[in-house]
Amino acid sequence: MAPGYWLMKTEPDTFGIHDLARVGTEPWTGVRNYTARNFMRDEMKEGDLVLFYHSSCEPPGVAGLARVARTGVVDETQFEPSSPYHDPGAKREEPRWICVDVAYVETLPRLVALDELRGNPALADMLVLRRGMRLSVQPVTAADYRTIVAMAKKPPRSSASARTERTAKASRPARRPPGRAVRTKRAR
DNA sequence: GCCAACGTTGGC
DNA sequence: GCCAACGTTGGC
């Protein structure tokens with residue numbers, strides 16, 4: 001069966017591609033979003049390939065490749081009162097948070113930065129490029145996966161084109177489309 | 001079942 | 001540190 005393709009986000013300060021390289025395999029605990037969980041629990045298959053994405057860092061981007069090594073893994077942190085991921089509502093006999101084991105495949109020759117993903121028209125439909133997309137586990141197409149791997153094996157675009165992009169970015173429209181209701185500020 | 005409040009994500 | 005976006009919670 002053909003593998004599926006995914007993008008998984010992680011903060012490199014907490015657990016990056018070098019940590020994965022060191023440990024080899026890691027249970028992907030701590031995901032507390034139902035959509036992300038459902039992808040891991042219901043859609044991922046052993047052997048699926050993963051773009052390992054560094055977020056909340058400078059620059060964010062795809063840093064490496066990984067593979068789904070095992071599915072149906074119970075996220076033990078849900079039962080650990082001392083864990084930030086503790087879920088008081090989770091029961092042993094009916095675990096709420098199921099994840100996968102992620103295995104190291106390779107560190108890409110260079111990080112393919114978010115800016116660069118944005119700059120490649122072939123990747124225009126990638127979920128991770130959508131405004132407000134916070135999902136930490138998301139599907140990608142085989143074509144996008146291959147495109148990004150190929151990008152990593154070529155030199156980055158020149159700093160001149162990066163400059164052009166920054167200029168374009170500076171003049172991009174405000175994030176909120178005009179005419180859209182502004183959310184009331186909540187009292188703190 | 002609605003929806004305001006609130007907490008979190010994550011690029012900037 | 002800011003704040004848009006969005007998921008969850010809980011009063012009704």
Side-chain angles (χ1 to χ4, degrees), chain A residues 6-20 26-44 50-64 66 75 77-91 94-100 102 108 110-121 123-140 144 148 151-152 156-157 159 161-188:
Chain A
W6 305 93
L7 180 146
M8 298 175 87
K9 295 182 190 174
T10 179
E11 301 189 6
D13 288 352
T14 306
F15 190 89
I17 190 69
H18 295 109
D19 298 297
L20 187 62
E26 179 76 3
W28 210 248
T29 59
V31 172
R32 292 294 178 270
N33 170 284
Y34 287 104
T35 305
R37 179 205 66 180
N38 293 347
F39 279 137
M40 290 197 288
R41 188 191 62 183
D42 307 333
E43 309 282 335
M44 280 188 176
V50 176
L51 296 170
F52 198 87
Y53 181 93
H54 284 179
S55 67
S56 294
C57 58
E58 189 49 48
V62 177
D75 179 341
T77 63
Q78 69 192 302
F79 304 120
E80 294 165 4
S82 64
S83 168
Y85 304 117
H86 179 232
D87 182 349
K91 298 193 213 87
E94 198 183 344
R96 181 176 291 171
W97 303 104
I98 303 293
C99 63
V100 299
V102 172
L108 288 173
R110 64 183 187 81
L111 180 129
V112 183
L114 178 60
D115 264 1
E116 205 181 339
L117 301 179
R118 285 223 162 84
N120 187 340
L123 301 176
D125 291 334
M126 278 194 86
L127 289 176
V128 74
L129 303 184
R130 288 209 194 144
R131 194 152 54 90
M133 172 50 65
R134 304 180 307 183
L135 205 55
S136 66
V137 176
Q138 47 183 273
V140 299
D144 289 348
I148 291 167
M151 287 167 83
R157 293 169 313 140
S159 56
S161 62
R163 213 172 303 126
T164 304
E165 184 179 323
R166 267 196 298 279
T167 308
K169 219 157 142 184
S171 62
R172 77 181 197 259
R175 283 199 185 179
R176 191 187 316 110
R180 176 90 176 273
V182 178
R183 203 182 161 82
T184 329
K185 267 264 186 296
R186 57 182 178 269
R188 300 256 175 189

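Everything numeric here is computed off the predicted structure, so don't read it as measured data. Residue numbering restarts at 1 for every chain, and letters A, B, ... go by the order of the sequence lines.
- Between the NZ atom of A:Lys9 and the C1' atom of C:dC6 there is a distance of 12 Å, rounded to whole Å.
- For the pair A:Asp75 and A:Arg41, the salt-bridge criterion is not met [side-chain N within less than 4.0 Å of a carboxylate O].
- Between A:Arg118 and B:dC12 there is a side-chain polar atom (N or O) within less than 4.0 angstrom of OP1 or OP2.
- At whole-Å resolution of the value, CG in A:Asn38 and C1' in C:dG7 are 13 Å apart.
- For the pair A:Glu58 CD and B:dG11 P, the computed distance is 10 Å after rounding to whole Å.
- Straight-line distance from the CG atom of A:Asp87 to the C1' atom of C:dT9: 14 Å, rounded to whole Å.
- In this structure, CZ of A:Arg37 is placed 15 Å from P of C:dG7, rounded to the nearest angstrom.
- Taking the six-membered ring for Trp, A:Phe52 and A:Trp6 have ring centres at least 6.0 Å apart.
- The nearest whole Å value for the distance from the CG atom in A:Leu127 to the C1' atom in B:dG10 is 16 Å.
- The side chain of A:Ser56 lies closest to B:dG10, out of B:dG10, B:dC12, C:dT8.
- Among A:Val102, A:Val31, A:Ile98, the one residue that satisfies the side chain to side chain contact (heavy atoms under 4.5 Å, CB included) test with A:Met40 is A:Val31.
- Rounded to whole angstrom, the span from the OH atom of A:Tyr34 across to the P atom of B:dG7 amounts to 18 Å.
- For A:Ala63 against A:Ile17, the heavy-atom pair with the smallest separation is CB-CG2, 4.0 Å.
- Taking atom CZ of A:Arg134 as the reference point, atom P of B:dT8 lies 11 Å away to the nearest angstrom.
- Distances from the side chain of A:Ser55 to the nucleotides C:dG7, B:dG10, B:dC12 place B:dG10 closest.
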